[in-house]
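Keep in mind the model is a prediction, meaning the values are calculated, not measured. Numbered from 1 within each chain, the chains take letters A, B, ... in sequence-line order.
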Protein chains: 2
Amino acid sequence: MRVSQLFIPTMREVPAEAEVVSHQLLLRAGFIRKVAAGIYHFLPLAQRVLHKITAIIREEMDRAGGQEILMPIIQPAELWHQSNRWNVYGPELFRLRDRHERDFCLGPTHEEMVTALVASEVRSYRQLPLLLYQIQNKYRDERRPRFGLLRGREFIMKDLYSFDRDEAGLDVSYWKMFAAYTRIFTRMGLRFRAVEADTGAIGGNASHEFMVLADSGEAVVVYCPDEACGYAANAEKAESLLVPYEGGDEGPLELVATPGRRTVEEVTAFLGLPTQRLIKTLIYRTERGLVAALVRGDREVNEVKLQNHLGVLSLELADETAIEAATGAPVGFAGPVHLDLPLVVDREVANLKAAVAGANRADAHYVNVCPGRDFSVADVADIRLVTAGDPCPRCGEAMRTVKGIEVGQVFKLGEKYSRLMGAYYLDEQGVKRPMVMGCYGIGVSRTMAAAVEQNHDADGIVWPASIAPFHAVVLPVNSQDARQVAAAEGVYQILSGAGLEVVLDDRDERPGVKFKDADLIGYPVRVTAGRHVAEGKVEVRRRRTGETLLVAETEVVAAVQRFLHEGSGE
Amino acid sequence: MRVSQLFIPTMREVPAEAEVVSHQLLLRAGFIRKVAAGIYHFLPLAQRVLHKITAIIREEMDRAGGQEILMPIIQPAELWHQSNRWNVYGPELFRLRDRHERDFCLGPTHEEMVTALVASEVRSYRQLPLLLYQIQNKYRDERRPRFGLLRGREFIMKDLYSFDRDEAGLDVSYWKMFAAYTRIFTRMGLRFRAVEADTGAIGGNASHEFMVLADSGEAVVVYCPDEACGYAANAEKAESLLVPYEGGDEGPLELVATPGRRTVEEVTAFLGLPTQRLIKTLIYRTERGLVAALVRGDREVNEVKLQNHLGVLSLELADETAIEAATGAPVGFAGPVHLDLPLVVDREVANLKAAVAGANRADAHYVNVCPGRDFSVADVADIRLVTAGDPCPRCGEAMRTVKGIEVGQVFKLGEKYSRLMGAYYLDEQGVKRPMVMGCYGIGVSRTMAAAVEQNHDADGIVWPASIAPFHAVVLPVNSQDARQVAAAEGVYQILSGAGLEVVLDDRDERPGVKFKDADLIGYPVRVTAGRHVAEGKVEVRRRRTGETLLVAETEVVAAVQRFLHEGSGE
């Protein structure tokens with residue numbers, strides 16, 4: 001194809017709202033255009049990338065025994081009432097009414113639809129396992145859509161649902177999908193990590209997320225550097241070994257004045273104690289009322305763990321008024337002693353012998369606070385955020401952290417939706433049993449953006465070869481030089497004839513413009529017909545490394561293919 | 001693939017609401033399932049057919065210079081206000097509000113979106129022509145969804161939009177698309193006809209529809225049997241030569257009693273005149289008030305022609321009360337003489353010399369009614385429906401009619417949307433000009449249903465090879481016979497190895513069940529391992545004709561391929 005005829009509207013300036021690099025580069029390089037907040041056009045280059053991503057996904061889903069279907073995007077409210085999610089889902093669910101005033105939503109996910117379908121069509125154990133998937137637009141009315149394709153309101157997903165006879169069957173399906181996802185992201189040439197993930201929100205019993213590693217990632221991955229161990233988890237889920245720390249000997253509870261000292265640092269510095277000895281008391285509001293969470297002064301609360309532990313639907317820090325009403329003291333002086341709230345005590349706090357804690361009165365703390373003696377430790381749990389350096393829960397090695405972008409998730413749903421939507425089967429003995437389900441998603445448009453977050457430099461995108469919109473661009477340096485133009489045209493024909501996807505930059509533009517655009521768009525290989533044409537040679541350059549070869553026309557296919565293959569799966 | 005593992009939920013009984021054969025067969029053979037009125041799941045077999053249809057469309061769109069993009073399904077209301085269609089579109093437009101109370105719709109078409117996109121990105125004549133297309137779900141909230149996939153509320157479309165510098169450029173794009181559509185439906189193995197179509201509703205200046213011929217089709221195609229002429233049109237659009245018929249000599253207008261005679265037949269029989277001599281007066285309600293349409297007694301009004309001629313948005317027959325108020329007479333006695341309504345006079349009526357017409361009073365008609373003398377013929381137009389036998393407007397040959405299902409339409413839009421959405425470019429002289437647009441749609445899911453309407457028999461579907469979900473099914477007659485099972489397995493491997501898409505019916509079912517399912521699903525070729533396995537032979541049967549070959553394993557690939565190729569493009 002010829003660049004002069006392709007619709008690639010590159011931009012010099014991107015809007016200020018494009019905060020992340022994938023958003024900026026996909027706009028600048030002419031891949032996407034915004035229609036409304038979180039809603040985008042995919043232009044021809046993006047559509048080519050999406051086709052490559054979906055082709056890889058489709059092949060691997062089929063290989064793993066998945067059968068492709070296409071379910072409606074508009075879903076009847078009745079199904080969501082049946083699963084009790086119509087009300088739970090809140091304002092993120094796009095809702096609409098048809099002309100007969102019947103309620104529908106635009107599917108953010110398809111558990112209800114697929115389970116109702118299978119419930120009405122599958123009756124026997126002989127029809128299981130069944131793995132159904134689709135690739136389709138999904139909708140989520142985000143309060144604050146941002147980061148371009150990373151958090152949009154309309155996006156493309158692959159979702160597969162597995163239906164098995166029992167937990168053992170689910171286990172097989174789950175690990176089949178895990179393996180398929182590993183192949184998918186490997187084939188896409190992305191550096192990624194599969195990590196243990198929280199299962200709280202959808203309600204299941206095991207989950208892994210696939211994270212594309214990128215400094216700009218919103219998610220934090222905690223992992224064990226010992227590859228033999230291999231532990232890795234989303235920070236929301238990550239655990240660590242409990243390191244013994246008692247911090248001093250028991251003594252009588254004592255009230256001390258801490259005038260104006262509110263923060264952990266202020267209080268412990270004032271008292272000459274390490275931050276580990278302080279009990280941090282955070283008061284949260286839930287739909288069941290206020291609750292106090294206790295972590296050590298050097299730790300942060302992991303709100304996902306806390307929410308799962310409590311089993312509540314909503315959890316947010318209480319406001320100042322509520323804190324003052326509950327503690328009788330200004331913010332900064334809350335503590336568990338004589339506090340009339342349910343206490344959730346982190347394991348490390350329960351382990352302390354003599355701690356410092358707010359006294360629930362202004363400018364005062366208790367010292368020698370003894371968990372169990374001075375407040376109840378009936379409810380002890382791991383509610384803290386793990387950080388770099390914490391010991392691996394499996395092998396004790398000091399763990400590390402890295403940032404990532406979630407592009408896929410595999411999830412054991414169990415029997416929840418089967419029971420709600422009536423998906424039962426008859427087993428070999430004729431006994432009616434609920435099917436055991438799993439669900440498995442990949443953010444298709446998100447993966448495109450994540451690939452850019454991971455693969456770019458100051459000049460633009462650096463596409464992995466397997467998902468690049470084209471394999472190579474061919475350009476004459478000087479569009480007025482007939483020999484260069486002819487050489488470029490010849491190389492373009494040779495490469496196209498060899499089955500490579502190539503564009504010819506035939507525009508009458510200055511060399512700088514063509515080079516800049518080639519780098520910005522991120523073709524993995526650039527072939528330049530310049531002054532060496534006189535010697536019958538062209539320059540083949542690898543986008544990622546800048547490595548350049550000067551080759552004869554007869555060698556150009558091999559050179560391009562070498563750079564493409566070296567570029568894949570690295 | 002093995003039938004035992006495929007999700008093909010066949011049914012014995014279909015719901016009564018499945019009125020048309022494609023709806024019945026696609027349900028029975030396990031291709032689709034209903035979710036809500038006009039909203040369907042596409043199950044694995046359907047998804048395979050859809051993939052084949054879209055692959056053919058994509059190849060031909062690309063070959064014709066189209067560039068694939070993907071526009072959002074949810075469209076901001078602002079764009080529809082800009083084109084004045086937000087209010088015009090009425091209740092067929094699915095509308096929704098986001099959490100910030102902004103209005104959106106689910107796109108029934110994408111003129112607004114694509115024109116706004118091109119308006120903001122294309123500035124120069126050098127960037128034109130530009131042909132952008134997408135394949136995507138579309139939405140139309142039909143008052144009465146029916147006929148399965150033929151009139152759904154959620155359906156899959158390919159829509160391409162062409163942007164050209166001028167009418168001459170549009171003409172090139174238009175005929176390019178016309179040729180591409182001809183290739184597409186030919187490659188799909190469908191019998192079809194491209195016919196001239198009405199352009200009224202969207203407002204353009206030329207259009208053709210592609211009709212898949214089927215007795216069950218809702219559309220009537222009028223065509224000239226002389227292939228050298230080739231005239232063909234949708235009945236809504238079809239014209240015919242005006243055949244001279246004056247019907248008697250002028251005489252003085254005379255009132256005659258016609259007690260209780262209201263219909264054309266009653267009045268003409270009573271008066272002993274041919275139906276041609278009667279003027280039928282139909283009163284319509286439009287947004288501009290009532291209007292009377294006059295056609296000859298042996299003709300019907302073509303409401304599309306009438307509406308276009310009047311240039312009104314709404315047109316429907318007036319109710320009894322309105323007719324009585326306007327004519328002063330009961331229904332059945334309306335006529336143009338002394339009628340105080342705008343008259344639209346069909347050409348044939350204007351041609352009459354002495355006619356009969358209602359007298360606008362009960363039980364009375366006028367005879368010797370003279371158009372021009374007794375009522376105004378200021379507004380003469382062709383407003384009648386053409387029927388079989390009418391002379392071709394080009395060559396005069398007696399035309400024929402056939403029924404069809406519209407699966408595609410090409411449309412010259414002209415400058416309408418360019419002007420409304422601000423899609424201008426600078427020409428070679430730096431003069432700002434509106435782009436000249438065309439739009440070109442194919443109903444993808446509709447084509448699947450139309451293919452079934454055209455290709456089925458009493459036993460089930462008869463897929464054309466190029467869009468069949470699989471090329472062939474292999475089955476052992478007796479699942480308990482080890483030799484037959486082994487032979488079937490062997491043939492299945494041979495055919496799969498030859499690159500054919502084959503399923504093995506490995507279910508432990510009676511032969512009758514397997515044969516019936518194979519015919520119902522409509523695999524183009526069935527290979528049976530039965531008693532001839534003893535002689536090393538299997539039976540290869542062509543679904544469409546029942547033609548059967550007994551061949552050795554070494555000949556099976558050639559036999560299957562022969563039947564497939566004979567089956568395509570017929």
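For chain A, the nearby part of B/Gln5 is the backbone; its heavy atoms alone come within less than 4.5 Å. Interface remark: B/Tyr40 contributes backbone atoms only to the contact with chain A (heavy atom separation under 4.5 Å). Of the two parts of B/Leu93, neither the backbone nor the side chain holds a non-hydrogen atom closer than 4.5 Å to a non-hydrogen atom of chain A. If you measure heavy-atom distances from B/Arg33 to chain A, the contacts under 4.5 Å come from the side chain alone. In this structure, the portion of B/Glu154 lying under 4.5 Å from any heavy atom of chain A is its side chain and not its backbone. Neither the backbone nor the side chain of B/Val114 comes within less than 4.5 Å of any heavy atom of chain A. Using a 4.5 Å cut-off between heavy atoms, B/Leu132 contacts chain A through its side chain alone, with no backbone atom that close. For B/Gln134, no part sits under 4.5 Å from any heavy atom of chain A, backbone or side chain.
Salt bridge A/Arg153/B/Asp98: present, at least one basic N to carboxylate O contact under 4.0 Å. With salt bridges taken as basic N to acidic carboxylate O contacts below 4.0 Å, none links A/Arg95 and A/Asp141. Salt bridge status for B/Lys34 with B/Glu17: present, with a side-chain N to carboxylate O gap under 4.0 Å. The existence of a salt bridge linking B/Glu501 and B/Lys52 is confirmed by a sub-4.0 Å separation between a basic side-chain nitrogen and an acidic carboxylate oxygen.
A distance-only check finds no donor-acceptor pair linking the side chain of B/Arg126 to the backbone of B/Arg123 [under 3.5 Å]. Looking only at distances, a side-chain donor or acceptor of B/Ser479 sits under 3.5 Å from a matching main-chain atom of B/Arg507.
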**Message:** Evaluate A/Cys105 against A/Tyr139 for side chain to side chain contact (heavy atoms under 4.5 Å, CB included), listing each step before the verdict.
**Reply:** CA-CA 9 Å; A/Cys105 67; A/Tyr139 295 83; over 6 Å; no
**Request:** Apply side chain to side chain donor-acceptor pair (under 3.5 Å) to the pair B/Tyr125 and B/Glu428, showing each step before the final yes or no.
**Result:** CA-CA 7 Å; B/Tyr125 70 93; B/Glu428 289 91 329; 5.5 Å; no
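By number of non-hydrogen pairs under 4.5 angstrom with chain A, the leading residue of B/Met11, B/Met113, B/Glu78 is B/Met113. Among B/Leu130, B/Leu50, B/Ile156, the residue making the largest number of heavy-atom pairs under 4.5 Å with chain A is B/Leu130. Put simply, of B/Val35, B/Ile73, B/Leu43, the one with the most heavy-atom pairs under 4.5 Å next to chain A is B/Ile73. Options A/Leu128, A/Leu117, A/Leu45, A/Asn137 differ in how many heavy-atom pairs under 4.5 Å they form with chain B, and the most are formed by A/Leu117. With chain A as partner, the option from B/Arg48, B/Gln127, B/Glu142 having the largest number of non-hydrogen pairs under 4.5 angstrom is B/Glu142. Considering only heavy-atom pairs separated by less than 4.5 Å from chain B, the leading option among A/Pro91, A/Pro76, A/Pro129, A/Pro72 is A/Pro72. Most heavy-atom pairs under 4.5 Å with chain A: of the set B/Arg58, B/Met1, B/Glu92, this distinction falls to B/Arg58. Of the listed residues (B/Arg97, B/Glu68, B/Met71), the greatest number of heavy-atom pairs within a distance under 4.5 Å of chain A belongs to B/Glu68.
Aromatic rings of B/Phe42 and B/His51 (six-membered ring for Trp) have centroids beyond the 6.0 Å cut-off, not under it.
From A/His41, atom NE2 reaches atom CD1 of A/Ile32 across 11.0 Å, with rounding to the nearest 0.5 Å.
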